[in-house]
Amino acid sequence: QPIYTPEVAPMTMPREELERIVGYLQGQAAQRTLPELIERVREAITELEQAARAVPVERFALRAPGQEWSPKECLEHIVGTNLAVLEQIETVLAGGTPAERGERALPSERDALLELQRKAFEEAAERLAAVDEHARTDVRWRHPFFGDLNWREWLLFLRIHSRDHARQLPALLAG
């Protein structure tokens, strides 16, 4: 089974874009209700699933010339990161401190990766629905590009992360 190891790539995003995203995360996470945040992440995960399933099976593990990742490697990154963030959110809400993201064994098949993510998200969403939606928002931990985020901002980050890579998947097929 492949192992997901978080890697921090150099950020080439313009500062204005970074600030816009952080402003979006902070503003929307504060304004929206928890059920709205959960639904927005659910929609993005569905978008990601559709994009991943559109990749032909025979090209899923192939890295096109000039591409940084194969669709499989990209999906492993997305799922590994999203699962780790969900665990960190739940740890904070349980009164703990979020652990650093470490290695995670992941299935190698596309459908198994997608099912793992969907199941983990739906289970987390069910547990999140039972918490005080403003609990522990003072606890923040570092995102490699966007700075310190609270759990609601991290939850919304899953939307951005999933949608960004959903758009990336088709581009990885081009050489």
Side-chain angles (χ1 to χ4, degrees), residues 4 6 8-9 11 13-55 69 71 74-94 96 98-99 101 104 106 110-172:
Y4 163 73
V8 178
M11 185 53 118
M13 186 181 302
R15 181 152 189 82
E16 298 79 30
E17 181 70 3
L18 254 159
E19 290 171 356
R20 185 189 69 75
I21 293 170
V22 170
Y24 166 81
L25 289 170
Q26 292 172 340
Q28 292 295 301
Q31 292 172 13
R32 295 201 178 265
T33 66
L34 184 53
E36 288 173 328
L37 294 176
I38 289 169
E39 188 54 34
R40 292 177 73 80
V41 175
R42 184 177 285 120
E43 290 168 359
I45 288 173
T46 299
E47 184 180 331
L48 173 63
E49 289 170 352
Q50 292 168 346
R53 287 194 171 99
V55 174
W69 284 338
C74 182
L75 191 59
E76 288 171 345
H77 159 75
I78 300 162
V79 171
T81 298
N82 289 357
L83 293 176
V85 168
L86 287 170
E87 287 175 5
Q88 289 174 321
I89 289 169
E90 291 196 79
T91 297
V92 166
L93 289 171
R101 288 183 260 167
R104 172 185 301 281
L106 296 173
R110 174 183 59 197
D111 289 342
L113 279 164
L114 294 172
E115 178 60 28
L116 174 64
Q117 177 173 252
R118 173 64 68 175
K119 182 178 177 191
F121 175 74
E122 291 303 333
E123 289 172 357
E126 187 175 316
R127 289 187 294 272
L128 286 172
V131 303
D132 172 356
E133 65 181 275
H134 299 291
R136 305 213 63 207
T137 54
D138 59 319
V139 178
R140 305 179 83 72
W141 65 101
R142 177 134 328 257
H143 182 282
F145 308 131
F146 304 129
D148 291 342
L149 304 175
N150 68 33
W151 71 267
R152 291 174 57 93
E153 294 159 355
W154 272 103
L155 180 62
L156 192 56
F157 163 76
L158 296 179
R159 177 178 193 263
I160 292 173
H161 190 240
S162 296
R163 291 188 79 207
D164 184 49
H165 287 299
R167 292 184 195 107
Q168 182 184 22
L169 283 168
L172 293 174

I78/D164 under side-chain contact (heavy atoms from CB on, under 4.5 Å): CA gap, chis, key distance, verdict: CA-CA 10 Å; I78 300 162; D164 184 49; over 6 Å; no
Verdict with reasoning, E153 to N150, per side-chain contact (heavy atoms from CB on, under 4.5 Å): CA-CA 5 Å; E153 294 159 355; N150 68 33; 3.4 Å; yes
Evaluation steps, side-chain contact (heavy atoms from CB on, under 4.5 Å), between I21 and F145: CA-CA 10 Å; I21 293 170; F145 308 131; over 6 Å; no
Trace of the side-chain contact (heavy atoms from CB on, under 4.5 Å) decision for R152 with L34: CA-CA 8 Å; R152 291 174 57 93; L34 184 53; 4.1 Å; yes
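The only member of E87, H165, H161, H77 that meets side-chain hydrogen bond (donor to acceptor under 3.5 Å, both in side chains) when paired with N82 is H161.
Contact record, W151 with E133: CZ2-O, 3.3 Å, taken as the closest heavy-atom pair. Nearest heavy-atom pair, L83 versus A120, reported as atom, atom and distance to 0.1 Å: CD2-CB, 3.2 Å. In terms of heavy atoms, L169 sits closest to P71 at CD2-O, 3.7 Å. When all heavy atoms are compared, the tightest approach of R142 to G147 is NH1-CA, 3.2 Å.
Rounded to the nearest 0.5 Å, atoms CG (L128) and CG (L37) are 9.5 Å apart. Note that the CG atom of L155 and the CD atom of Q88 stand 12.5 Å from one another [nearest 0.5 Å]. One distance of note links CG of L106 with CG of L75; it measures 9.0 Å at 0.5 Å rounding. Summarising the geometry, atom CD1 belonging to I38 is positioned 6.0 Å from atom CZ belonging to F121; distances are rounded to the nearest 0.5 Å. Rounding to the nearest 0.5 Å gives a distance of 11.0 Å between CG of L86 and OG1 of T81. Once rounded to the nearest 0.5 Å, the distance linking CD of E76 with CZ of R104 reads 12.5 Å.
For E122 and R42, the salt-bridge test passes: some basic side-chain N is under 4.0 Å from an acidic carboxylate O. In this structure, E36 does not pair ionically with R40, as no charged nitrogen and carboxylate oxygen lie closer than 4.0 Å.
Partners of W141 by ring-ring contact (aromatic ring centres under 6.0 Å, His included), not counting sequence neighbours, listed by chain and number: W154. With sequence neighbours left out, R32 forms a side chain to side chain donor-acceptor pair (under 3.5 Å) with Q28.
For the pair R110 (side chain) and V55 (backbone), a donor-acceptor distance under 3.5 Å is present.
Residue pairs meeting the salt bridge (Lys or Arg N to Asp or Glu O under 4.0 Å) criterion with at least one member in residues 14-25, sequence neighbours excluded: R15-E19, E17-R20.
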